[in-house]
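Only one structure is covered here, and it is reproduced in the block below.
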Amino acid sequence: MTSIGALAEEATQADTRTWHFQVKLEERDIGTHTFEWQSFEGHKTLVSRASFDVRILFFNAYRYRHLSSERWQGNCLENIESSTEAGRNAYRLQGATSASGFKLKTDAGASLIDAECVRTFAYWDPTMLQAQSLLNSQTGEYVSVSLQPMEQVEYPVNGVKYNARRYELRLAEEAISLWYEESTGLWLGLETSTGGKTLRYQPLSLPESDLPTPQFAQR
């Protein structure tokens with residue numbers, strides 16, 4: 001399995017594009033989440049780093065740390081490795097393709113996803129989200145989803161207004177709003193609800209807008 005360290009070494013020679021988001025809970029800044037997409041020798045990789053802290057007065061009421069690496073071949077996930085600290089809970093996940101399916105190992109044990117092509121919540125490429133099920137890179141859950149195009153809007157980023165379209169990614173008990181530039185498919189932002197409050201990803205920096213969204217090769 002490819003380690004996070006090995007992927008970092010490859011990044012020095014890769015075609016790399018980075019999304020860096022300020023994360024807000026309601027109007028409060030609580031941390032950042034960075035997605036670094038890389039193309040290297042025919043493979044695609046994604047390194048995701050998140051760091052959130054929710055403070056009440058002088059106390060850190062909630063701490064979240066997440067680091068994951070993914071390697072893709074075509075539109076399908078080859079392997080994944082992640083570690084997450086979410087409040088008092090800790091998660092570790094490893095997964096890789098095999099002849100019998102996609103093998104997962106978490107702290108809860110080993111499991112097998114009986115699917116020819118597994119995908120994660122690949123927000124950076126809306127075509128990837130059209131799968132009927134997606135893998136949660138934190139918990140290892142393989143959840144049913146549907147993606148619906150919604151209204152066209154002007155989406156402001158650092159003083160620039162993008163001609164964008166909102167999409168709604170629907171899960172069993174929640175929905176995630178995602179915005180993409182209409183002409184290139186560039187991912188611009190995310191919004192969802194957690195604990196009755198709005199969680200929002202506001203871009204600090206994006207890949208060059210005149211470059212098309214990185215599309216994985218068709219299977």
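It should be emphasised that the depicted structure is a prediction, and the values quoted were computed from it without experimental measurement.
- Here the CG-NZ distance, from Asp125 to Lys44, works out to 10.5 Å after rounding to the nearest 0.5 Å.
- In this structure, OG1 on Thr192 lies 9.5 Å from CD on Glu168, to the nearest 0.5 angstrom.
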Show your reasoning for whether salt bridge (charged side-chain N to carboxylate O under 4.0 Å, His left out) applies to Glu151 and Arg165. CA-CA 6 Å; Glu151 72 276 7; Arg165 184 170 297 278; over 6 Å; no
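- Remark: Asp15 engages Arg17 in a salt bridge, criterion side-chain N to carboxylate O under 4.0 Å.
- The shortest distance between side-chain heavy atoms of Ser82 and Leu67 does not fall below 4.5 Å.
- Nearest heavy-atom pair, Thr120 versus Ile80, reported as atom, atom and distance to 0.1 Å: CG2-CD1, 4.1 Å.
- Inter-residue side-chain proximity for Ser69 and Arg71 is flagged as unmet; no heavy-atom pair is nearer than 4.5 Å.
- Salt-bridge annotation for Arg28 and Glu26: absent, with no side-chain N of the basic residue lying under 4.0 Å from a carboxylate O of the acidic one.
- For Lys103, the NZ atom is loosely surrounded, since the number of other residues' heavy atoms within 6.0 Å does not exceed 12.
- To the nearest 0.5 Å, atoms CH2 (Trp37) and OG1 (Thr45) are separated by 8.5 Å.
- The line from CZ of Phe102 to CD of Glu78 is 9.5 Å long, rounded to the nearest 0.5 Å.
- Residues Tyr64 and Gln138 meet the side-chain proximity criterion, which asks for heavy atoms closer than 4.5 Å.
- No path of Ile, Leu, Val, Met, Phe, Trp and Tyr side chains, each step under 4.5 Å between heavy atoms, connects Leu104 with Tyr91, placing them in separate hydrophobic clusters.
- Note on Leu199 and Leu204: separate hydrophobic clusters, where clusters join Ile, Leu, Val, Met, Phe, Trp and Tyr whose side-chain heavy atoms are under 4.5 Å apart, directly or indirectly.
- Smallest separation of non-hydrogen atoms from Val23 and His33: CG2-N, 3.9 Å.
- The side-chain heavy atoms of Thr198 and Ser193, taken from C-beta on, include no pair separated by under 4.5 Å.
- No side-chain heavy atom of Thr18 sits under 4.5 Å from any side-chain heavy atom of Phe35.
- Under the 30°/60° scheme for interplanar angles, the aromatic rings of Phe52 and Tyr201 are found to stand perpendicular.
- Side-chain atoms of Glu182 and Tyr155 form no donor-acceptor pair, as typed in the model, at a separation below 3.5 Å.
- When all heavy atoms are compared, the tightest approach of Ala164 to Leu188 is CB-CD1, 3.7 Å.
- Among all heavy-atom pairs drawn from Leu129 and Leu169, the shortest one is O-CD1, 4.2 Å.
- Follow the hydrophobic side-chain contacts under 4.5 Å out from Leu112 and you never reach Tyr142; the two are in separate clusters.
- No donor-acceptor distance shorter than 3.5 angstrom exists from the side chain of Asn79 to the backbone of Gln94, with no hydrogens or angles considered.
- In the hydrophobic clustering of this structure, Met150 does not group with Val145; members are Ile, Leu, Val, Met, Phe, Trp, Tyr whose side-chain heavy atoms approach within less than 4.5 Å, directly or through other members.
- Using a 4.5 Å heavy-atom threshold, the side chains of Phe121 and Leu190 count as separate.
- The line from OG of Ser137 to CG of Leu93 is 7.5 Å long, rounded to the nearest 0.5 Å.
- Of all non-hydrogen atoms in Gly189 and Phe21, the two that sit nearest each other are CA-CE2, 4.1 Å.
- Not a single donor-acceptor pair under 3.5 Å links the side chain of Ser51 to the backbone N or O of Gly31.
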Given Thr16 and Gln38, is the side-chain contact (heavy atoms from CB on, under 4.5 Å) satisfied, shown in steps? CA-CA 4 Å; Thr16 302; Gln38 304 158 3; 3.7 Å; yes
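- Side-chain N/O atoms of Arg166 and Ser177 include a donor and acceptor closer than 3.5 Å.
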As a quick check of understanding, evaluate side-chain contact (heavy atoms from CB on, under 4.5 Å) for Glu36 and Leu46, giving each step before the final call. CA-CA 6 Å; Glu36 188 173 74; Leu46 190 284; 5.7 Å; no
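- Surrounding CG of Asp114 are at most 12 heavy atoms belonging to other residues, nucleotides or ligands under 6.0 Å away.
- When each of Arg63, Arg92, Arg65 is checked for a salt bridge (Lys or Arg N to Asp or Glu O under 4.0 Å) with Glu85, only Arg63 meets the rule.
- Side-chain N/O atoms of Thr84 and His66 include a donor and acceptor closer than 3.5 Å.
- Nearest heavy atoms, Trp72 versus Val118: CZ3-O, 4.1 Å.
- When side chains are defined from C-beta on, Leu206 counts as touching Val157, because their heavy atoms get closer than 4.5 Å.
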Set out, in order, the CA-CA distance, both residues' side-chain angles and the distance that settles side-chain hydrogen bond (donor to acceptor under 3.5 Å, both in side chains) for Asn163 and Glu181, then state yes or no. CA-CA 6 Å; Asn163 182 24; Glu181 187 178 18; over 6 Å; no
Show your reasoning for whether side-chain contact (heavy atoms from CB on, under 4.5 Å) applies to Glu27 and Arg200. CA-CA 9 Å; Glu27 297 304 317; Arg200 182 180 300 108; 3.8 Å; yes
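- The distance from the CH2 atom of Trp187 to the CH2 atom of Trp19 is 8.0 Å, given to the nearest 0.5 Å.
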